[in-house]
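Step one of this worksheet: look at the structure below.
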Protein chains: 2
Amino acid sequence: MNIGSAARAAGLPVKTVRYYADIGLVEAPDRTQTGYRRYDEAAVRKLAFVRRARDFGFSIEECRELLSLYEDKSRSSADVRAIAAAHLEEIEEKQRQLAALRDELAHLVTACRGDDRPDCPILDRLS
Amino acid sequence: MNIGSAARAAGLPVKTVRYYADIGLVEAPDRTQTGYRRYDEAAVRKLAFVRRARDFGFSIEECRELLSLYEDKSRSSADVRAIAAAHLEEIEEKQRQLAALRDELAHLVTACRGDDRPDCPILDRLS
DNA sequence: CCTTGACTCTCCAGCTACAGGAAAGATTAG
DNA sequence: CTAATCTTTCCTGTAGCTGGAGAGTCAAGG
């Protein structure tokens with residue numbers, strides 16, 4: 001399986017697959033004599049795994065850890081849970097910040113008349 | 001006022017102030033004979049303005065627009081409101097995505113026993 | 001007057017997670 | 001055989017800074 005088919009199967013751009021190989025996240029298990037990367041089923045599964053983890057907002061480094069746990073048959077679910085729980089914490093913190101931001105901004109937008117006069121509570125608040 | 005004092009007054013790192021000058025966002029109004037940037041009150045106010053706008057999550061380009069509106073005495077509040085409203089939309093969209101993500105992840109973390117056995121719904125979901 | 005320490009300058013590199021493109025070689029369809 | 005498609009490596013750029021090197025500047029203390 002060439003990189004193009006592997007990428008399609010995993011739902012990733014070719015560039016990204018090559019990038020993951022470069023950084024040693026998911027390397028092609030083999031090369032053809034002419035240097036083409038050859039991917040097998042297992043590698044494609046790993047790529048898809050990473051894609052989903054990235055969709056969940058896991059960083060590349062977190063993906064690396066999850067991947068090694070994914071491959072480790074003797075892993076404990078506690079290890080995986082720890083990573084996911086930490087990530088959940090980050091997300092919730094981000095949510096809190098975003099909510100505070102939104103509320104303040106929404107308040108400003110409401111307060112601003114939005115006409116052709118220069119009075120603007122938004123700018124007032126920023127200065 | 002040297003860059004250090006200006007940065008302190010505006011609540012920004014010196015590096016950032018220099019960066020803003022480099023990209024033409026807020027330039028020092030003057031230089032000493034030996035090349036030191038000299039900031040005045042107005043420039044510091046602009047720096048502080050940008051810092052707050054950045055705290056609100058406005059991009060540098062958005063800051064640039066806001067700044068020019070901030071300086072333009074004949075601006076209309078509608079222009080400012082348009083930028084803020086568009087930004088609010090983005091934030092709300094991000095909030096929706098983050099909420100969906102959080103719910104799914106929280107569900108997985110709850111479902112995972114987190115013991116020393118390898119069964120892990122989190123990994124199952126990712127693969 | 002000299003030294004020391006704090007400050008500033010420019011330039012260069014690196015961070016995340018890729019994306020875009022160039023130039024060259026490989027493969028496949030017709 | 002040719003044209004189109006695919007793949008390779010390498011280089012550059014993105015946003016918004018941050019850190020460091022090496023050199024020059026300034027103010028205070030002895």
Side-chain angles (χ1 to χ4, degrees), chain A residues 1-40 43-44 46-67 87 90-91 94 97 101, chain B residues 1-40 43-44 46-67 87 90-91 94 97 101:
Chain A
M1 213 176 193
N2 282 346
I3 196 170
S5 325
R8 261 190 306 280
L12 286 170
V14 169
K15 279 275 186 186
T16 300
V17 175
R18 218 173 264 130
Y19 174 69
Y20 287 167
D22 282 351
I23 64 173
L25 183 59
V26 180
E27 292 178 74
D30 196 19
R31 296 261 188 161
T32 66
Q33 287 192 333
T34 54
Y36 280 25
R37 291 173 182 83
R38 313 241 325 150
Y39 289 85
D40 57 11
V44 170
K46 284 191 228 170
L47 287 171
F49 178 91
V50 170
R51 182 180 64 74
R52 296 205 192 84
R54 293 284 301 136
D55 285 348
F56 271 95
F58 288 97
S59 71
I60 293 288
E61 285 318 305
E62 283 170 331
C63 287
R64 213 185 281 275
E65 292 181 63
L66 287 172
L67 205 50
H87 185 52
E90 286 171 30
I91 289 177
K94 214 168 199 170
Q97 290 182 2
L101 198 63
Chain B
M1 211 175 193
N2 282 346
I3 196 171
S5 325
R8 260 190 307 280
L12 285 170
V14 170
K15 279 277 188 184
T16 301
V17 176
R18 219 174 264 129
Y19 173 70
Y20 287 167
D22 282 351
I23 63 174
L25 182 60
V26 180
E27 291 178 75
D30 196 20
R31 296 261 188 160
T32 67
Q33 287 191 333
T34 53
Y36 281 24
R37 291 174 182 82
R38 311 238 328 148
Y39 289 86
D40 57 12
V44 170
K46 285 191 228 169
L47 287 171
F49 178 90
V50 170
R51 182 181 64 74
R52 294 204 194 86
R54 293 285 299 137
D55 284 349
F56 272 95
F58 288 97
S59 73
I60 293 287
E61 286 316 307
E62 283 170 331
C63 287
R64 213 184 281 274
E65 290 183 63
L66 287 172
L67 206 51
H87 186 52
E90 286 173 29
I91 289 177
K94 214 168 200 170
Q97 291 181 2
L101 197 63

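As the structure is a computational prediction, the values presented were derived from the model and not from experiment. Any value given below was found using the heavy atoms of this structure, including those in side chains, with hydrogens, waters and symmetry copies removed. Here is the naming used below: chain letters follow the sequence lines, and residue numbers restart at 1 for every chain.
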query: What residues in residues 53-63 of chain A put a non-hydrogen atom under 4.0 Å from any atom of DNA chain C?
result: A:Arg54, A:Ser59, A:Ile60
field: Atom-pair distance (CD on B:Glu27; P on C:dC9), nearest Å
entry: 14 Å
- request: Sequence neighbours left out, what passes side chain to side chain donor-acceptor pair (under 3.5 Å) with B:Asp55? Give chain and number order.
  value: B:Arg51
field: Spacing of A:Ile23 atom CD1 relative to C:dT16 atom P, expressed in whole Å
entry: 9 Å
- prompt: Sequence neighbours excluded, which residues qualify as salt bridge (charged side-chain N to carboxylate O under 4.0 Å, His left out) partners of A:Asp40?
  reply: none
Under 3.5 Å, which protein N or O atoms sit close to an N or O of nucleotides 19-24 of chain C? Give each pair with its distance.
unit_1, atom_1, unit_2, atom_2, d
C:dA19, OP2, A:Thr16, OG1, 2.8
C:dG20, N7, A:Lys15, NZ, 2.9
C:dG20, O6, A:Lys15, NZ, 3.0
C:dG21, O6, A:Lys15, NZ, 2.4

message: Could you tell me how far apart B:Asp30 (CG) and C:dC9 (P) are, to the nearest whole angstrom?
response: 12 Å
task: Among the candidates C:dT8, C:dC18, D:dC17, find the nucleotide nearest to the side-chain atoms of B:Arg18.
output: C:dT8
- request: Taking ring pair (Phe, Tyr, Trp, His ring centres under 6.0 Å) as the test, write out the residues that go with B:Tyr36, two or more places apart.
  value: none
- prompt: For A:Arg64, which residues count as a salt bridge (charged side-chain N to carboxylate O under 4.0 Å, His left out) partner, sequence neighbours excluded?
  reply: A:Glu61
task: Enter the distance from A:Ile60:CD1 to A:Glu65:CD here, rounded to the nearest 0.5 Å.
output: 12.5 Å
- request: Give, ordered by number, those residues of residues 33-40 of chain A having at least one heavy-atom distance below 4.0 Å to an atom of DNA chain D; if nothing qualifies, reply none.
  value: A:Gly35, A:Tyr36, A:Arg37
message: In whole Å, I'd like the distance from the CG atom of B:Leu25 to the P atom of D:dG16.
response: 10 Å
message: Using whole Å, what does the distance between atom P of nucleotide C:dA17 and atom CZ of A:Arg64 come to?
response: 10 Å
Rounded distance (nearest 0.5 Å) linking atom CG of A:Leu67 with atom CZ of A:Phe58: 12.5 Å
- request: Mind checking side chain to side chain contact (heavy atoms under 4.5 Å, CB included) for A:Arg38 and listing every partner two or more places apart, or none if nothing turns up?
  value: A:Asp30, A:Thr32
message: Give me the atom names and distance for the closest heavy-atom approach of A:Pro29 to A:Tyr39.
response: CD-CA, 4.0 Å
query: Are OP1 or OP2 of C:dA17 and a side-chain N or O of A:Tyr20 less than 4.0 angstrom apart?
result: no
task: Could you pull out all residues at least two apart from A:Glu90 that satisfy side chain to side chain contact (heavy atoms under 4.5 Å, CB included)?
output: A:Glu62, A:His87
field: For the student: nearest non-hydrogen atoms of B:Gly35 and B:Arg31, plus distance
entry: O-NH1, 3.0 Å
Whole angstrom value for the distance that separates P of C:dT27 from CZ of A:Arg31: 14 Å
Distance-only donor-acceptor hits, side chain of residues 9-26 of chain B, under 3.5 Å, sequence neighbours excluded:
none

task: Measure from CG on B:Leu12 to C1' on D:dC17 and round the result to the nearest Å.
output: 11 Å
query: For A:Tyr19 and D:dC10, what is the distance between atoms OH and P respectively, to the nearest whole Å?
result: 17 Å
